[in-house]
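The chains referred to below are lettered A, B, ... by the order of the sequence lines, with proteins before strands, and numbering in each begins at 1. Values below: all heavy atoms of this structure, side chains included; hydrogens, waters and symmetry mates excluded.
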Amino acid sequence: MSTQTPQAIRGTQDIFGPDAEAFAFVVETFERVRKLYRFRRVEMPVFEKTAVFSRSLGETTDVVSKEMYSFEDRGGESLTLRPEFTAGIARAFITDGWQQYAPLKVATHGPLFRYERPQKGRYRQFHQIDAEVIGAAEPQADVELLVMADQLLKELGIADGVTLQLNTLGDGASREAWRTALIDYFRAVKGDLSEDSQDRLERNPLRILDSKDPRDKVFTAQAPKIDDFLSDEAQDFFAKVTGGLNAAGVAWTRAPALVRGLDYYRHTAFEFVTDRLGAQGTVLGGGRYDGLMEALGGAATPAVGWAAGIERLAMLVGERNPRRLNVAIVSEARSTDQLAWNLGLSLRRRGLSSAVWAEGAPRKRFDKAVKENPQLVLVLDDKAVSERTIAVMRVRSLTTGNLVDEELAQRVIETLDSLKLWAAPKPTIEHGRELELEYDILA
RNA sequence: GCGACCGUAGCUCAGCUGGUUAGAGCGCCGGUUUGUGGUACCGGAGGUCGGGGGUUCGAACCCCCUCGGUCGCCCCA
């Protein structure tokens, strides 16, 4: 490690190779699915005035006070790198007149920033996909969002081992009554709770419910349930969400301890969870945030949404390799370099991927090309000029032992023909490992 | 903010209870098989053993500090 070279910032990542392919696969799949559900793409600023986040999240929370990347710009204004998408989208909804499109379905993805200690699946710059429905008070919006998330996970091929945990926080009144009951309940046994939970009792009592400490679990099982505090309307809302999921065939389990710390969350809260990512098990999470718009100074507007970490989804997807190279072109002589480059271009213009080897020791170019595991290798050497032939080799797949398909070979032959560099093509195809095409090169 | 573990060539790692010029595989560069061909063989370049201090006749190995990484706690919008 040279001390001269600046190091990457802690918690940032340089994503490359199969990991980057997995990342791209997640984004591509999200884009495809989001279009199926007619969510409109939006691009949002990476930073906002700090107030956008501090007012939506609450000034005093840990989140705002120590986990945001905030700084002053040259005009002395406090700005913050976005720690989430929702607040910025809500701000745009108010300031850009998006009310006229309500109910508005939007989707985006990109980097987010949180100042926290990195660990598995948690980074300081991380990336999320995000979907929101703004201006829809109906439970059908919640259902549609969840069904879309379910389809996304299935199309990513990672639905096995991922379960949808679902809860309701009720409306504002039910939520407050439940919270009061929880405080009363835990205060009575305060001395027996873990130190962390004694602290949480004052700051964030709902969080005691998902404490990992065995001392707390003794009490959490018997703690008051939200169901006992739900208004008729809130019960009805939740029933419509669960009914919609059942009708759509989306499996879910009730998670009474699933809570949200922030006050603007109402009704539905959900997380898709796996046990395959260590301590960071939530793969996709969201809920209904009917109280947010008012917190930002806008008109009361119901809304619901979710977000998912691309890195975590990519980890579940596993390493992905780019599509196999269609055609490798090996130029083994100076005189064939230009021909090799021309061939490469022509193949790409016809939609076939190609790569040209014309550098380094001529004798090793073939070996290097073959290591890329191409479907087909074209070899150009002095013979290609003097005897007017090009050797074309089909390469056996290293993993499956299969030969490339005839269709690709045909497309390459057509490409060679279309170049009109040759007259009277006489391809001879031998069955077996190699095939050789003989072309007469025009003088 | 707290804790545990880790830090040796570009990459993955070995290096026994501290003992002579620090090793392997892969990768890279060059060469051999005078060859129509993938896996073989030979050679080469490349390391202030994260950094600093200490103990010792002697430290990659022990101690302290520091920087960095990994995982977990807190937090999780």
May I ask you to check whether A:Q125 and A:Y69 show a side-chain donor-acceptor distance below 3.5 Å?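 On atom types as modelled, these side chains do not qualify, holding no pair under 3.5 Å.
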Do we see a donor-acceptor contact under 3.5 Å between the side chains of A:R348 and A:S354?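 A pair is found: one side chain offers a donor N or O, the other an acceptor, under 3.5 Å apart.
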Counting just side-chain N and O atoms, does [X] come under 4.0 Å of either OP1 or OP2 of [N]?
X      : N     : value
A:R117 : B:C75 : no
A:K66  : B:C74 : no
A:K212 : B:C73 : yes
A:R203 : B:C75 : yes
A:N204 : B:C74 : no
A:K368 : B:C29 : yes
A:R10  : B:G68 : yes
A:Q119 : B:C71 : no
A:R200 : B:C75 : yes

A:R260/A:E271 ion pair, N-O < 4.0 Å: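 Yes, charged N to carboxylate O under 4.0 Å.
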Quick one: label [X] by what it contacts on the DNA or RNA (base, sugar-phosphate, nothing), any heavy atom closer than 4.0 Å.
X      : value
A:E84  : sugar-phosphate
A:L262 : sugar-phosphate
A:G285 : nothing

Using the [atom1] atom on both, measure [N] against [M] and round to a whole Å.
N     : M     : atom1 : result
B:G50 : B:C61 : C1'   : 16 Å
B:G51 : B:A14 : C1'   : 24 Å
B:G25 : B:U17 : C1'   : 28 Å
B:U56 : B:G1  : P     : 36 Å
B:A59 : B:U70 : C1'   : 26 Å
B:G15 : B:C62 : P     : 13 Å
B:C2  : B:G54 : P     : 28 Å
B:G52 : B:G68 : C1'   : 15 Å

Would you mind reading off the distance between [X] atom [atom1] and [N] atom [atom2], rounded to a whole angstrom?
X      : N     : atom1 : atom2 : value
A:L284 : B:C76 : CG    : P     : 19 Å
A:D210 : B:C75 : CG    : C1'   : 11 Å
A:R312 : B:C71 : CZ    : P     : 12 Å
A:L378 : B:G37 : CG    : P     : 16 Å
A:F126 : B:C76 : CZ    : P     : 14 Å
A:R215 : B:C73 : CZ    : C1'   : 13 Å
A:I329 : B:G37 : CD1   : P     : 20 Å
A:F16  : B:G27 : CZ    : C1'   : 13 Å

Across all strands, who's sitting opposite [N] as a Watson-Crick or G-U wobble pair, both distances under 3.5 Å?
N     : result
B:G19 : B:C57
B:C26 : B:G10
B:A4  : B:U70
B:U32 : B:A40
B:A45 : none

Does some side-chain heavy atom of A:R288 sit less than 4.5 Å from a side-chain heavy atom of A:P302?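 SC-SC contact between A:P302 and A:R288 confirmed.
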Should A:V259 and A:W178 count as side-chain neighbours, where that means a heavy-atom distance under 4.5 Å?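 Counting from C-beta outward, A:V259 and A:W178 do come under 4.5 Å.
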Got a donor-acceptor pair under 3.5 Å from the side chain of A:R260 to the base of B:A77?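 Absent.
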Counting only heavy atoms not in A:K66, do more than 12 fall under 6.0 Å of its NZ?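 Counting neighbours around NZ of A:K66, 12 or fewer heavy atoms of other residues, nucleotides or ligands fall under 6.0 Å, so no.
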Hey, which sits more toward the 5' end of RNA chain B by its nearest nucleotide, A:G11 or A:Y265?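 The residue closer to the strand's 5' end, by nearest nucleotide, is A:G11.
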If you pin A:I9 and A:F113 to their nearest nucleotides in RNA chain B, which one's is more 5'?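 First, find each residue's nearest nucleotide; the 5'-ward one identifies A:I9.
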Choose from B:C76, B:G72, B:G37 the nucleotide whose nearest atom is closest to any side-chain atom of A:E332.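 Out of B:C76, B:G72, B:G37, the nucleotide with an atom closest to A:E332's side chain is B:G37.
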Output the single nucleotide from B:C71, B:C73, B:C75 whose closest atom is nearest the side chain of A:K120.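 Nearest to the side-chain atoms of A:K120, counting from C-beta on, is B:C71.
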Distance-minimising heavy-atom pair for A:F229 and A:A181: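 Heavy atoms only, the tightest pair is CZ-CB, 3.3 Å.
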Conformer about C1'-N of B:G23 - syn within 90° of 0, anti elsewhere: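 Here B:G23 takes the anti form, which means its glycosidic angle is more than 90° from 0.
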Tell me which donor-acceptor pairs under 3.5 Å the side chains of residues 102-113 of chain A have, and how far apart each pair is, sequence neighbours excluded?
unit_1, atom_1, unit_2, atom_2, d
A:K105, NZ, A:Y37, O, 2.9
A:K105, NZ, A:E144, OE1, 3.4
A:K105, NZ, A:E144, OE2, 3.0
A:T108, OG1, A:V42, O, 2.7
A:H109, ND1, A:R41, NH1, 3.1
A:H109, ND1, A:R41, NH2, 3.3

